[in-house]
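Okay, structure first, notes after.
Everything quoted here is computed from the prediction, not taken from an experiment. Protein chains get the first letters and strands the later ones, always in sequence-line order, with residue 1 at the start of each.
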Amino acid sequence: MSILGVNIRELIPPEAIKEIELESLKGRTIAIDAYNALYQFLAAIRQPDGTPLIDNKGRVTSHLSGIFYRTINLIEAGIKPIYVFDGLPPSLKEKELEKRRKVKEEAAKKYQVAIAEEKYEEARKYAQISTRLNDEMVKEAIKLLDAMGLPTVQAPAEGEAQAAYMAKKGDVWSSGSQDYDSILFGSPRVVRNLTVSGKRKLPKKDVYIDIKPEVIESNVIYEKLGINREKLIIIGIMLGTDYNPDGIKGVGIKTALKIVKSYEKTEEILKSLPQTQVDYYEIFNYFMNPEVTDNYTIQWKEPSVEKIKEILVEEHDFNEARVENAIERLQKSFKENVKSQTKGLDFWFK
DNA sequence: CCTGGCAA
DNA sequence: TTGCCAGGG
């Protein structure tokens with residue numbers, strides 16, 4: 001989860017956020033931050049005591065369950081998801097990643113304690129915090145998506161940056177993530193809460209609320225706030241990003257907005273920031289020009305029943321009848337929503 | 001997170 | 001038909 005999200009959400013004018021129905025995204029291609037999605041499945045798909053789904057060899061399978069059923073739901077709704085996977089994180093992110101490692105290690109300890117004390121709600125909470133995505137999980141997810149016939153994209157660095165690049169180019173309609181980073185990376189829009197069943201548990205209480213998909217339009221943010229992307233990036237830097245987790249002391253959204261609006265040139269704003277160990281100019285440049293690639297193809301294939309069953313049923317002990325049922329839904333919606341649009345010159349469709 | 005069985 | 005919720009792996 002990005003710290004950027006926490007603060008910048010308050011800044012986004014309500015006019016820039018549109019609550020929608022999933023069906024209104026019919027025909028849209030969306031570049032989804034795969035890490036963001038997998039991480040959420042891994043954190044959420046757990047028993048009340050925090051135990052994730054596992055196969056008979058003890059390997060975690062929560063992420064596979066999540067991405068399998070979610071993706072089929074999206075395709076059924078006529079949405080064409082393209083999962084974008086992270087490459088190597090930029091060195092700028094090291095401090096934040098170290099911070100996250102520590103938080104997760106602490107949570108893992110607290111999880112053990114909570115389990116020993118039979119405090120299961122607490123255990124679940126710490127299990128979620130300590131969630132980690134490893135290379136094996138990523139590999140398996142890519143293998144599954146490939147078997148399902150979906151294109152995947154390997155980003156050279158940040159998935160959010162790559163997704164933003166693809167949206168900016170027009171290869172996809174939008175980026176998809178729970179975070180707002182792709183906006184700073186230049187995406188024209190980001191879709192959040194990309195899901196069918198709209199119930200979500202609130203952090204503390206046993207209360208469930210309806211969550212609807214929402215589209216955030218970048219240009220509306222800029223119009224309403226009277227700023228441009230450069231200035232939004234600098235606001236992000238002042239509030240704290242993955243590349244400078246601490247932000248700038250004493251600066252909140254109101255002050256940040258006031259500061260950027262009081263200058264004409266971005267250069268001047270950057271110069272006005274307090275001199276610290278952090279190279280704000282470097283961070284700014286990274287958001288403006290992150291490492292991205294054109295080395296990807298957006299092309300769908302017929303879903304492979306055998307491969308899907310091999311991965312889920314044979315390898316990971318998913319229930320065969322359930323998987324078969326889901327595959328049928330996939331094949332049917334693939335024909336209706338994907339294949340029908342790939343004829344002739346539109347083979348490389350968007 | 002998501003599905004599917006069951007009660008109302 | 002809808003809503004709930006236990007259980008998925």
Just checking A/Gln47: base, sugar-phosphate only, or nothing, at a heavy-atom cut-off of under 4.0 Å? base

Do A/Arg192 and A/Ile17 have side-chain heavy atoms sitting under 4.5 Å apart? no

Considering only side-chain heavy atoms of A/Asn325, which listed nucleotide, B/dG4, B/dC2, C/dG8, is closest? B/dG4

Whole-Å distance between C/dG9 P and A/Glu315 CD? 15 Å

Could you tell me if the side chain of A/Asp55 sits less than 4.5 Å from the side chain of A/Glu315, heavy atoms only? no

For residues A/Phe185 and A/Phe287, establish whether the separation of their ring centroids is below 6.0 Å. yes

Quick check on B/dC2: is either OP1 or OP2 less than 4.0 Å from any side-chain nitrogen or oxygen of A/Arg70? yes

Write down the atom of A/Glu76, the atom of A/Ser333, and the distance for their closest heavy-atom approach. CA-CB, 3.6 Å

Length of the line joining A/Asn73:CG and B/dT3:C1', which is rounded to integer Å: 9 Å

Atom CD of A/Glu320 and atom C1' of C/dG8 are separated, to the nearest Å, by 16 Å

Nucleotide B/dC1, atom P - distance to CZ of A/Phe41 in whole Å: 9 Å

Does A/Asn319 reach a base, just sugar-phosphate, or nothing at all? Heavy atoms under 4.0 Å. sugar-phosphate

Separation of C/dG9 atom C1' from A/Asp317 atom CG, nearest Å, is 7 Å

Heavy atoms from C-beta onward define the side chain here; which of B/dT3, C/dG9, B/dC1 lies closest to that of A/Arg329? B/dT3

With a 4.5 Å cut-off on side-chain heavy atoms, are A/Arg229 and A/Met288 touching? yes

Phosphate oxygens OP1/OP2 of C/dG8: is one of them under 4.0 Å from a side-chain N or O of A/Thr61? no

Rounded to whole angstrom units, what separation is found between the OH atom of A/Tyr69 and the P atom of B/dC2? 12 Å

How long is the line joining CZ of A/Phe318 and C1' of B/dG4, in whole Å? 16 Å

d(CG, A/Leu194; P, B/dC1) in whole Å: 13 Å

